[in-house]
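As the structure is a prediction and not an experimental result, all values here were calculated from the model. Below, chain A is the first sequence line, B the second, and so on; all start at residue 1.
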Protein chains: 2
Amino acid sequence: MTAIKENSTRNYNKQVSATSCPVTYVMNKIGGHWKPIILYHLSNGSKRYSELKRAIPQITEKMLIQHLKQLQEDDLVLRTAEPIVPPFVTYSLTPAGAKLQPVLNAMAIWGLNDMEERR
Amino acid sequence: MTAIKENSTRNYNKQVSATSCPVTYVMNKIGGHWKPIILYHLSNGSKRYSELKRAIPQITEKMLIQHLKQLQEDDLVLRTAEPIVPPFVTYSLTPAGAKLQPVLNAMAIWGLNDMEERR
DNA sequence: ATAGTTACATACTTTGGGGTAAGTACTTGT
DNA sequence: ACAAGTACTTACCCCAAAGTATGTAACTAT
């Protein structure tokens, strides 16, 4: 999953910003084209991998699992796999992921309002 | 300021996400390593270019004006130049930029709480 | 036997954000 | 004459995120 070059200025600055600026810290967790959209779809209850895929048609499978993995690592999303075949894997929000909802809502409200005003 | 290739899938998806997902819309405006930090420093009142530069020592001048320009284009920040020499340019938050403050606060609060919990 | 389903994995390429370094115009202080 | 300050600009490079394409295991239904 894309190895990072630890000793680049870019990466260094990112670390610094993330630890010193809580807003950047949040954006590192929910940034990326698809993460907010994934979180949105999971906010209406847990979904299977294939359900998410169908719900977000433009996303490629690579991007979908990549972001799902990152969201798991950040403890925002929980993966539950039933050991049957064909596989049955569901994704749901963790408590931390659920606590993020008001923040996402606040952002969405500002965004919608701003889009409205600039029309 | 880094020309964009309009007809790339990447850029297309970004546009789509930004117009269909209000959260992504917001992140396009406040994303980037330095934008939240710049907005934070402006939230305590307007600042000169050189004051911002000194307040954020790690940022390069290129990044600083680049982000300031984008923030102006997004109508979050207002540039006021007095026609004297040496130049006297101040940056301040627009009403839209000020309205963003509660959102940034909500993000910061979640971020700080999350950082705390994972220690 | 073979086609389909599910949930991935992996190699390769592209590109846009970010960093480095240097230069500019205009004036004031020494 | 020249150094210093202010607010930029410009050319160039690097790399990590995103996209493209293809493959895989294990089982079921026809």
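Each of B:Y40 and B:L52 belongs to its own hydrophobic cluster when Ile, Leu, Val, Met, Phe, Trp and Tyr are linked at side-chain heavy-atom distances under 4.5 angstrom.
Phosphate contact (OP1/OP2 of C:dG18, side-chain N/O of B:H67, threshold under 4.0 Å): present. The shortest distance between the side-chain N/O atoms of A:T9 and the OP1/OP2 oxygens of C:dG18 is not below 4.0 Å. For A:K69, a side-chain nitrogen or oxygen approaches OP1 or OP2 of C:dA9 to under 4.0 Å.
Residues of residues 32-46 of chain B that place a heavy atom closer than 4.0 Å to DNA chain C, in numerical order, are B:G32, B:H33, B:W34. Residues of residues 83-94 of chain B having a heavy atom closer than 4.0 Å to DNA chain D, listed by number: B:P86, B:P87, B:F88, B:V89, B:Y91.
No salt bridge links A:K99 with B:D114; every basic N to acidic carboxylate O contact stays at or beyond 4.0 Å.
Atom pair A:L64:CG and C:dA7:C1' shows a separation of 10 Å (rounding to whole Å applied).
Along DNA chain C, the nucleotide nearest B:R10 and the nucleotide nearest B:T60 are compared for position; the residue whose nucleotide lies closer to the 5' end is B:R10. Ranked by how close their nearest DNA chain C nucleotide is to the 5' end, A:K53 and A:N13 are led by A:K53.
Comparing D:dC12, D:dT20, D:dA7 by their closest approach to the side chain of B:R79 singles out D:dA7. In this structure, of D:dC8, D:dA18, C:dC8, it is D:dA18 that holds the atom nearest to the side chain of A:K62.
Residues B:D74 and B:N28 come closest through the heavy atom pair OD2-O, 4.5 Å.
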Exercise. Apply side-chain hydrogen bond (donor to acceptor under 3.5 Å, both in side chains) to A:Q70 and A:K35, showing your working.
Key: CA-CA 9 Å; A:Q70 286 170 13; A:K35 278 185 191 168; 2.9 Å; yes
